[in-house]
Amino acid sequence: MNEHYPFENPPLPYEYSGLEPYIDTQTMHLHHDKHLQTYVDNLNKLLEPYPTLHLWSLEKLIRLSDRLPPHIQMPVKNNAGGVYNHILYFNGMQNKEPSIPVGSLAKRIDNTFDSYDNFKEAMTTSALSVFGSGYAWLVADYNKRIKIISTPNQNTPFSFNLSPILLIDVWEHAYYLKHYNKRVDYIADWLSIINWEQAENNYIDCK
Ligand code: MN3
């Protein structure tokens, strides 16, 4: 699923209420069923007239957006980014196990940030620094070195040749119903439900 056009909105990997009390059920309904669905629908509408693009993956559409017909470059990049980022974000959370780094990524976080607490602080600072809408990311370069970056709008780390490991959506729709304007509280809640097994898999898969 979602190898190429027509893209679909995959179901959440947990119940809508599965992240309570950190992220509320209503936010998850709106975020998945309305926001992500809109990106999926817009992307499919944009690609529909271009059969030659129907076998392109999401990642290829984002990475090679400058090879698309000029007038769809920006909207495809934005909407493909919206689909890619949200699926990664939803898959990157869980509320079943204690949320602590595992495997090779846990070691790398200790080496890079000295401690998990320092990592959390750096991630919080980055997520707070996003002006307006965007994301904070843990990413890896081609040497598997990791760092934290932030991006505006629906941009992705692919523009910098970096591979995503995990991300936090700091668009207000991700937290406003529960956390109001207190982004810092939402970040703390997100840090409690990171799916570190998934992050480790993403790290292992980094090219
Ligand atoms: Mn969002």
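In what follows, residues are counted from 1 in the order of the sequence shown. In this text the structure is predicted, and so the values were computed from the model without any measurement. First listed ligand is number 1; within each ligand, the first listed atom is number 1.
Under the 6.0 Å distance and 45° angle rule, K144 counts as a cation-pi partner of Y203.
D110 and K107 are not joined by a salt bridge, as no carboxylate oxygen comes within less than 4.0 angstrom of a charged side-chain nitrogen.
Protein atoms that are N, O or S and lie under 2.8 Å from the Mn ion (ligand 1) are these: H31 NE2, H86 NE2, D169 OD2, H173 NE2.
Ring-centre distance between Y84 and F158: below the 6.0 Å cut-off. H86 and H31 have their aromatic ring centers within a separation under 6.0 angstrom.
Contact check for I23 versus Y175: no side-chain heavy atoms found under the 4.5 Å cut-off.
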Legend entry - Residue pair S104, E200: steps toward the side-chain hydrogen bond (donor to acceptor under 3.5 Å, both in side chains) verdict: CA-CA 7 Å; S104 59; E200 167 71 354; 2.9 Å; yes

